[in-house]
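The next block holds one structure in the form of structure tokens; read it before the comments.
Note that this is a predicted model, so its numbers are computed, not measured. Chain A is the first sequence line, chain B the second, and so forth, proteins listed ahead of strands; every chain is numbered from 1.
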Amino acid sequence: MQAQYTPAEIERAAQALWDESKAFQAKEDSAKPKYYCLSMFPYPSGKLHMGHVRNYTIGDVLSRYHRFQGFNVMQPMGWDAFGLPAENAAIQNKVAPAAWTYSNIDYMRGQLKSLGLAIDWTRELATCKPDYYKWEQWLFTKLFEQGLIYKKLATVNWDPVDCTVLANEQVIDGRGWRSGALVEKRDIPMYFMKITAYAEELLKDLDNLPGWPEQVKTMQRNWIGKSFGAEVCFLCSEELGVRSEEGNPNTPHPSPLTPHPVLKVYTTRPDTLMGATYVAVAAEHALATEAARGNPELAAFIEECKRGSVAEADMATMEKKGMDTGRFVIHPLNGEKLPVWVANYVLMGYGEGAVMAVPAHDERDFAFAKKYGLPIRQVIRPAGDGEWGMGNGQKPPPSPITHHPLPEEAMVEHGICVNSGKYDGLDFNQASDAIAADLEAKALGGKRTQFRLRDWGISRQRYWGCPIPIIHCAACGDVPVPEKDLPVKLPEDVTLDVGSPIKKMPSFYQTVCPKCGGKAERETDTMDTFVESSWYYARYASHDCSDAMLDERANYWLPVDQYIGGIEHAILHLLYARFFHKLMRDVGLFGSPLPLAGEGANDALRAPKSLDEPFTQLLTQGMVLKDGTKMSKSKGNTVDPQALIDQFGADTARLFMMFAAPPEQSLEWSDAGVEGAFRFLKRLWRAVHEHVEQGVVAACTGGALPAELKALRFQIHATIQRVTDDYGRRQQFNTAIAAVMELMNSLAKMGDHSATGRAVMQEALESAIVLLAPIVPHICQALWAELKVGANLLDVSWPKVDAAALVQDEIELVLQVNGKLRGSITVARDAARETIERLALANPNVQKFMEGKPAKKVVVVPGRLVNVVV
RNA sequence: GCCUGGGUGGUGAAAUAGGUAGACACAAGGGACUUAAAAUCCCUCGGCUGCAAGGCCGUACCGGUUCGAUUCCGGUCCCAGGCACCA
């Protein structure tokens with residue numbers, strides 16, 4: 001055996017062996033349980049970054065571990081190849097987005113291969129290839145026909161100088177990133193996917209995902225945001241408050257002068273309705289537009305509201321501003337005349353684009369009312385023995401408004417109604433029910449359930465994306481492209497300046513209507529790249545299927561057993577993929593129990609499995625940070641892992657990434673520590689070398705041993721137990737590595753070179769190599785062949801814990817007095833509680849700290865400690 | 001602003017169901033080997049205090065529950081991720 005650890009040579013040899021034996025090509029096989037392990041595919045930005053190395057190493061560790069456990073593992077890889085950066089690079093470097101993307105893919109594929117990942121490369125896909133996006137277009141046409149995709153206006157960031165739509169990240173301090181022009185909001189027609197039709201199921205099914213982190217499920221629940229409240233209709237007052245509709249049965253339709261007979265709002269606090277003192281509408285609201293006619297000041301304010309980006313974070317942090325429209329509405333219950341304001345904090349895209357304002361019980365309304373001198377009316381007081389002593393039978397004070405100064409802040413908690421007429425004394429639920437019932441009786445509202453989730457706008461006015469398969473015909477309207485004409489191919493040989501080239505390319509957009517045969521134009525918008533990444537996991541199963549989106553192999557491989565990716569995808573990507581999974585299920589693409597051809601008899605595997613969710617187990621890896629923020633290309637703080645791989649090898653890179661932090665935590669990059677990982681691998685190599693040079697032997701399998709060897713065998717099997725738990729249940733690899741390091745430290749100190757000693761050493765080294773193999777597969781492949789002359793590590797099964805080796809005769813117990821550490825005792829494994837208490841109380845140091853006082857209580861935690869309380 | 005996480009030595013971290021805080025490493029310092037360097041090996045390594053044995057303090061901050069809190073609860077501060085057109 002070679003004395004030196006030479007990573008470059010060892011890794012080349014191991015990878016060649018895996019390639020030649022097609023070791024990682026996955027085949028459907030019902031004789032073994034399947035394990036589909038998927039890491040989020042990369043955007044081909046140019047080079048791998050540390051986040052990729054971390055992500056793909058985690059996936060590889062889990063894949064290889066499950067292979068050792070006897071699973072039929074599939075680990076595929078592909079490219080999320082459409083997207084904005086390719087267009088930017090195209091303009092900057094005068095290269096077509098397609099060419100740039102393909103060359104990045106080639107380079108990054110090489111980098112991934114050098115990491116030694118156990119990937120089935122025959123399933124590789126790229127979302128920018130027509131044979132992939134054809135099926136996305138096909139599904140689009142199906143959903144369009146079913147009404148699950150529809151068209152409506154949506155607000156975008158508009159750069160008035162470049163005359164283009166800007167992504168939120170392209171708006172910097174309210175200006176276009178290239179032109180520097182002040183960005184405006186503009187409404188354009190877009191296609192929307194009706195994700196809200198699945199809101200209830202997307203919410204409910206989170207409860208069936210025990211393998212997902214609570215954090216992610218909570219974020220998704222809040223994002224979907226199911227709320228219970230009421231719809232309230234405020235009657236629009238004509239100049240003198242006469243209502244055209246209800247007051248006069250002869251005019252069933254609203255008069256043209258009153259296009260808004262009622263102003264609808266949604267509230268989660270119907271109990272505060274009696275405290276509403278004004279109503280606020282969004283600048284884009286029809287009522288605002290109408291009121292602005294002949295009111296130049298208001299028109300100017302509405303114009304001002306259109307400045308700035310559409311991003312919610314910007315909307316929510318800007319200064320709250322408003323202006324009175326001069327219009328009034330009538331409160332549906334008390335008949336009061338309330339002013340209508342236009343406010344920049346009311347979002348048109350959410351709810352009805354209008355809110356009732358209750359300043360006393362909402363922070364934003366409170367601040368707004370203070371700023372503009374609007375009335376604040378308290379209608380809720382704290383529950384229980386409140387400040388007015390309601391709890392002890394006293395009468396409430398007559399009028400809190402006249403007797404109390406204006407509150408310092410809004411009281412937003414639930415409480416008891418006051419100053420609310422017939423609703424006084426009711427709590428949140430009672431008041432909400434009563435008020436909703438009264439609204440219902442007057443046909444002016446009632447209980448409603450509302451979701452925060454909005455439909456998904458998928459149109460993008462960009463070039464480098466999947467073309468939307470719609471043809472616009474003057475006679476027939478929007479006509480989906482028939483299946484026989486799919487895919488609608490995106491021309492790849494283009495030059496970019498500002499704007500999408502296919503919008504200026506008659507050869508692309510001029511066509512005929514599939515329905516009437518008349519002249520027509522293709523849609524030139526492309527789809528959001530989130531659409532491609534919403535279903536790629538399913539296509540890996542049927543990667544080469546040419547006549548359908550998916551085939552019966554999807555039934556075998558789905559759902560993904562383990563999905564791994566960055567926490568930044570916790571909401572959008574993971575929600576869209578869950579949505580798509582349900583769409584594909586409902587279109588009938590999978591779920592029917594088709595047995596595989598030539599399937600052996602394994603009924604357990606044919607038991608119906610749930611295909612309602614795409615990802616059974618989810619691991620959200622923490623971000624790789626540099627200087628305290630996310631390592632990303634746009635921030636220019638990436639560290640190229642290539643130098644690390646070139647200098648130390650893939651195993652060192654993998655070991656370091658897995659050892660530096662547990663997978664879910666963020667990891668602050670530092671160059672230090674890499675050397676330490678490399679040193680450990682050298683020590684591992686040397687330990688096996690020294691052993692092998694004396695000749696390999698059969699591994700110890702148990703029996704009576706001297707104390708030193710017994711202790712060592714205890715440690716070997718405790719390590720196997722711990723590492724197995726760390727890989728399988730805890731998915732915490734840093735502690736698995738630490739445990740093997742501890743074992744190796746003990747081996748280095750072992751002085752027994754007898755035949756028995758060498759047998760225990762053989763057992764220890766064999767165990768250590770398999771335990772480390774998922775993380776550092778190349779060196780382990782080489783060392784295994786030395787330890788078990790010529791054997792292939794890939795054929796090995798996971799080491800088993802020898803329960804007999806874990807039996808200890810004596811255990812150590814910690815002694816505490818009043819919870820403070822005062823010593824320890826060694827007792828027999830099965831010592832009685834009385835014996836333990838007696839020994840603890842007899843301990844001199846315990847007695848010293850008891851200071852002669854009697855023991856009030858003795859807490860004995862079996863196997864752990866004794867705490868004497870005095 | 002809203003939603004979700006996080007904060008432990010000089011550094012990355014560990015403590016798995018409330019039970020010995022700092023495992024395992026990195027960096028640093030000291031030593032061995034060497035003509036020398038590298039490599040390797042050994043020792044020290046939270047703070048204060050003490051000749052020592054030891055003692056006191058210490059897990060962002062303030063408070064609570066408990067025999068016992070890094071862990072649970074309430075509040076505060078700071079950092080990170082997401083906020084629907086970055087991926």
Side-chain angles (χ1 to χ4, degrees), chain A residues 40 42-43 45 80 83-85 154 156-157 165-171 190 195 213-216 218-219 221-223 225 310-318 320 345 349 363-364 452-462 528-530 533 566-573 575-576 620 622-623 625 628-630 632-634 659-662 664-668 670 672-677 679-680 682-683 686 722 725-726 729-730 732 734-735 737-742 745 748 812-821 823-824 845 856-859 861 864-865 867-870:
Chain A
M40 290 180 187
Y43 177 78
S45 56
D80 187 14
L84 205 47
V156 295
N157 303 308
V165 175
L166 297 177
N168 284 333
E169 81 154 12
Q170 296 174 314
V171 179
M190 298 220 297
I195 191 171
E214 245 0 277
Q215 178 194 2
V216 175
T218 305
M219 282 194 268
R221 280 188 194 105
N222 291 340
W223 183 262
V310 299
E312 191 179 312
D314 295 335
M315 300 287 286
T317 48
M318 69 190 174
K320 311 279 176 289
Y345 68 84
E363 273 166 26
R364 269 190 324 191
R452 201 188 80 99
L453 182 68
R454 309 199 292 259
D455 277 340
W456 176 14
I458 55 166
S459 293
R460 297 291 179 270
Q461 299 67 42
R462 305 190 201 293
D528 182 0
T529 57
F530 270 125
S533 55
I567 184 66
E568 67 272 24
H569 296 293
I571 296 174
L572 290 180
H573 163 62
L575 189 65
Y576 291 146
T620 46
M623 226 112 13
L625 308 178
T629 53
K630 176 182 174 179
S632 75
K633 219 183 174 186
S634 58
F659 186 55
E664 307 224 278
Q665 260 177 53
S666 61
L667 184 157
E668 175 82 21
S670 87
V674 174
E675 293 263 9
R679 269 203 294 272
F680 173 72
K682 282 197 287 191
R683 277 201 300 274
R686 202 170 52 236
R722 176 176 185 168
D725 192 42
D726 280 347
R729 181 180 63 89
R730 299 218 303 156
Q732 185 167 298
N734 55 333
T735 47
I737 295 164
V740 180
M741 283 177 170
E742 283 183 77
N745 289 346
E812 194 188 33
L813 291 182
V814 159
L815 301 180
Q816 294 180 338
V817 177
N818 287 339
K820 292 201 174 195
L821 179 67
S824 68
N845 214 39
K856 222 192 282 178
K857 187 170 162 188
V858 181
V859 181
V861 183
R864 287 249 178 216
L865 56 73
N867 186 16
V868 180
V869 186
V870 295

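Scanning atom types as modelled, one donor and one acceptor separated by under 3.5 angstrom connect the side chain of A/Asn867 and the base of B/C67. No N or O donor and acceptor, one from the side chain of A/Arg679 and one from the base of B/U40, sit under 3.5 Å apart.
Pair assignment for B/U44 gives B/A28, based on Watson-Crick or G-U wobble hydrogen-bonding distances that are each under 3.5 Å.
Nearest to the side-chain atoms of A/Met219 among the listed nucleotides B/C41, B/G81, B/G1 stands B/G81.
Comparing the same atom, C1', in B/U8 and in B/A13 gives a spacing of 9 Å after rounding to whole Å. B/G47 and B/G22 have their P atoms separated by 14 Å, with the value rounded to a whole Å. Separation of the P atoms belonging to B/G63 and B/C57 is 15 Å when rounded to the nearest angstrom. A gap of 23 Å separates the C1' atoms of B/G58 and B/G74, to the nearest Å. Comparing the same atom, C1', in B/G19 and in B/G31 gives a spacing of 39 Å after rounding to whole Å. When the C1' atom is used for both B/C45 and B/A38, the distance is 25 Å, rounded to whole Å.
The shortest distance between the side-chain N/O atoms of A/Arg686 and the OP1/OP2 oxygens of B/C41 is below 4.0 Å.
When rounded to the nearest whole Å, the span between CG of A/Asn734 and C1' of B/G22 equals 14 Å.
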